[in-house]
S.K.: 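Questions regarding the structure given below will be posed in turn.
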Amino acid sequence: MDIVKSTLQAVQERIAQAAQNAERDVNEITLLAVSKLQPVASVRALAEQGQHAFGESYVQESVAKIQALRDLALDWHFIGPIQRNKTAQIAAHFSWVHSVDRLLIAQRLSNERANHAAPLNICLQVNVSGEVSKSGVSMAEVPALARAVQNLPNLHLRGLMAIPRAEVDENKQRAQFALVRTRFEELNNMGLQLDTLSMGMSADLEAAIAEGATIVRVGTALFGKREG
Ligand SMILES: *Cc1c(COP(=O)(O)O)cnc(C)c1O
């Protein structure tokens, strides 16, 4: 069997199994294929197997890739750190941004999103492990940022994204995802209408799905090791 097809199926089966273990509907969970540092041909091969959503982290690389694959009408998600001088390109080329962690960036994305385009879907990146080196808004500051972002006209606040510290112990891994889920539920109890928990990568997607992930961001398990 074709290698691309079989790796995609293997990841889809992991997701289906994790959903079943959690007694969740697998259709609630979107596989985001993280194609950063992967060549256009690899993205095209995966798209030909029916994969529709792709995640990128580096603006320059991704804009070239998006343009080269324009014929496929793929769904592009920006998941990397955001520099303020790159927000216009992100607003122009992506339909989702998972890595918003401060108001200034959200305001720029809203101002730069074309008025005729659909609102840009936004997740707030939360620093769940509290590591100073990590990007993401602190857990305490999430509600205020969520309220402010929700009021920006060209954005649609969808939920939260997290990249917790890697844990060997699955219960510890789950505990971090559970903190994000609890925050998410608190925001909905405050009256926000969020539907997206972007959490889980190649190594920890099972733990994330057990705690309610609706988008898992998978790179290595689909494409193999990245260069660089
Ligand atoms: C690179 C990256 C991923 C994918 O990680 P893998 O371990 O290769 O699955 C997911 N999310 C973000 C934010 C990333 O930067």
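Computation of the quantities below employed the complete heavy-atom set of this structure, encompassing side-chain atoms and omitting hydrogens, waters and symmetry-equivalent molecules. Just so you know, ligand 1 is whichever comes first in the structure, and atom 1 is the first atom listed for that ligand.
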S.K.: Among all the protein's non-hydrogen atoms, which is closest to atom 12 (C) of ligand 1, and how far away is it?
M.R.: I79 CD1, 3.5 Å

S.K.: Going by heavy atoms, is A221 under 4.0 Å from ligand 1?
M.R.: no

S.K.: Is it true that a side-chain atom of R183 and a backbone atom of V126 form a donor plus acceptor pair closer than 3.5 Å?
M.R.: no

S.K.: In terms of residue, atom name and distance, what is the protein heavy atom nearest to atom 10 (C) of ligand 1?
M.R.: M201 SD, 3.1 Å

S.K.: Identify, by atom number and element, the atoms of ligand 1 in contact range of I163, meaning under 4.0 Å from any of its heavy atoms.
M.R.: 13 (C)

S.K.: For H98 and ligand 1, answer yes if some heavy atom of the residue is under 4.0 Å from a ligand atom, otherwise no.
M.R.: no

S.K.: Tell me: protein heavy atom nearest atom 9 (O) of ligand 1, and distance?
M.R.: S202 OG, 2.5 Å

S.K.: Could you tell me whether a side-chain N or O of E206 sits under 3.5 Å from a main-chain N or O of A208, the two making a donor and an acceptor?
M.R.: no

S.K.: Of R226, E56, E61, K65, which is the lone residue that meets side chain to side chain donor-acceptor pair (under 3.5 Å) with S35?
M.R.: E56

S.K.: Looking at atom 1 (C) of ligand 1, what's its closest protein heavy atom, distance included?
M.R.: K36 NZ, 1.5 Å

S.K.: What residue and atom, counting heavy atoms only, is the protein's closest point to atom 8 (O) of ligand 1, and at what distance?
M.R.: T220 OG1, 2.4 Å

S.K.: Considering all heavy atoms of both residues, which atom of L197 and which atom of R181 are nearest to each other, and what is their separation?
M.R.: CD1-CG, 3.8 Å

S.K.: Look only at the side chain of R174 and the backbone of A207, and say whether a donor-acceptor pair between them is shorter than 3.5 Å.
M.R.: no

S.K.: Could you check whether any side-chain N or O of T87 sits under 3.5 Å from a backbone N or O of I105, counting only pairs where one atom can act as donor and the other as acceptor?
M.R.: no

S.K.: Which protein non-hydrogen atom lies closest to atom 11 (N) of ligand 1, naming both residue and atom, and how far is it?
M.R.: R217 NE, 2.9 Å

